[in-house]
Asker: 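Submitted below is the structure of interest, expressed as structure tokens.
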Amino acid sequence: MDAAVEGTPRYYGLCAIGGMLSAGTTHLAITPFDVLKVNMQVHPIKYYSISSCFTTILREQGPSALWRGWAGKFFGYGAQGGCRFGLYEYFKGLYSNIMGDCNRSVVYFLSSASAEVFANVALCPFEAVKVRVQAQPCFAKGLFDGFPKLYASEGTQGFYRGLVPLWGRNLPFSVVMFSTFEHSVDFLYRKVVKRRKEDCSITQQLGVTCLAGYAAGSVGSLISNPADNIVASLYNRQAESLTLAIRSIGLTNLFTRSLPIRILLVGPSITLQWLFYDTIKVLGGM
């Protein structure tokens, strides 16, 4: 396959496709963990630990309940991943041309933040239905009957009720994730591998990708956990506003509720996303 030249529409298109496939498939694979996380956030008294949540859901709803919301995960996070990675590459090229290589951290910050604004607009309707399906078994069976049901009851506003807290969750996460990844890759090549990327084999390059991806996902999950709890609360109508959601959850619980499972969930997910994404770029001649 001919190499895709960086900065061309084909290059950005392949980046978007790579992001879409990598994010959609990895989020689909971890759906059971996401079901546990959402239920622990929405029903913290009933599901007070990972083990109690797992065993209770299995006993009351059966094994199929662990895959509730899989379509929302696959299509929603696929759309987000396409925008997140494709637009990140576009904005990184744009801001690099403006500011040069002397401001790499600022370029990473602005590029990831700009891309994430659009990525969350694409994700938000899918997330609205997914969270309802996972935490309210009687709401709908899945994405395809959940969409018209939510629209009929709340209109367009229902799909974007959690957009601001979603930005609050994913903008810091994306900024930290991309910056941590880029700086981790640079550190690993300079201090650990001690060779240029171009002088390493594809296997070595993907190994660096995995290490940097896990660091990026773990750090990002710590930053974004409070907003993740707020998103789950708002979409399940446990609070009618951002202020009421924070008050009902409690300041300490914002940072600690469901944090262990979120780290367990996000770290491997982001690692696999970067691995699949870079593998697709290699196969695409990029």
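Keep in mind that the numbers below use all heavy atoms, side chains included, and drop hydrogens, waters and symmetry copies.
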Asker: May I ask you to check whether Tyr277 and Thr209 show a side-chain donor-acceptor distance below 3.5 Å?
Answerer: no
Asker: Would you tell me whether Asp34 and Gln134 have side-chain atoms, one donor and one acceptor, within less than 3.5 Å of each other?
Answerer: yes
Asker: Please evaluate residues Leu28 and Thr31 with respect to the criterion side chain to side chain contact (heavy atoms under 4.5 Å, CB included), reporting the C-alpha separation (whole Å), side-chain torsions for both, the decisive distance (0.1 Å), and the verdict.
Answerer: CA-CA 5 Å; Leu28 174 63; Thr31 297; 4.3 Å; yes
Asker: Take Ser49 and Ser51 through the side-chain hydrogen bond (donor to acceptor under 3.5 Å, both in side chains) test and state the conclusion after the steps.
Answerer: CA-CA 6 Å; Ser49 68; Ser51 60; 3.3 Å; yes
Asker: Check this for me, if you would: do Asp186 and Arg190 make a salt bridge, where the nitrogen-to-carboxylate-oxygen distance has to be below 4.0 angstrom?
Answerer: yes
Asker: Pick out which of Arg132, Arg161, Arg169 makes a salt bridge (Lys or Arg N to Asp or Glu O under 4.0 Å) with Glu127.
Answerer: Arg169
Asker: Going by ring pair (Phe, Tyr, Trp, His ring centres under 6.0 Å), Phe126 matches just one of Phe75, Tyr77, Phe147. Which one?
Answerer: Phe147
Asker: Would you confirm whether the ring centroid of Phe91 sits within less than 6.0 angstrom of the ring centroid of Tyr108?
Answerer: no
Asker: Taking a hydrophobic cluster as the set of Ile, Leu, Val, Met, Phe, Trp and Tyr residues connected by side-chain heavy atoms closer than 4.5 Å, whether directly or through intermediates, do Phe109 and Leu94 fall within one such cluster?
Answerer: yes
Asker: If we ignore hydrogens and angles and just use 3.5 Å, is the side chain of Glu116 paired with the main-chain N or O of Leu171 as donor and acceptor?
Answerer: no
Asker: Quick one: does Lys149's side chain have a donor or acceptor within less than 3.5 Å of a partner on Phe139's backbone?
Answerer: yes
Asker: Has the side chain of Asn225 got a donor or acceptor atom that lies under 3.5 Å from a matching backbone atom of Phe255?
Answerer: yes
Asker: Check whether the side chains of Gln80 and His27 place a donor and an acceptor atom closer than 3.5 Å, and report yes or no.
Answerer: no
Asker: Listed by chain and number, what are the side-chain contact (heavy atoms from CB on, under 4.5 Å) partners of Leu66, not counting sequence neighbours?
Answerer: Pro32, Leu36, Phe54, Ile57, Leu58
Asker: So, for Trp167 and Phe173, is the gap between ring centers shorter than 6.0 Å?
Answerer: no
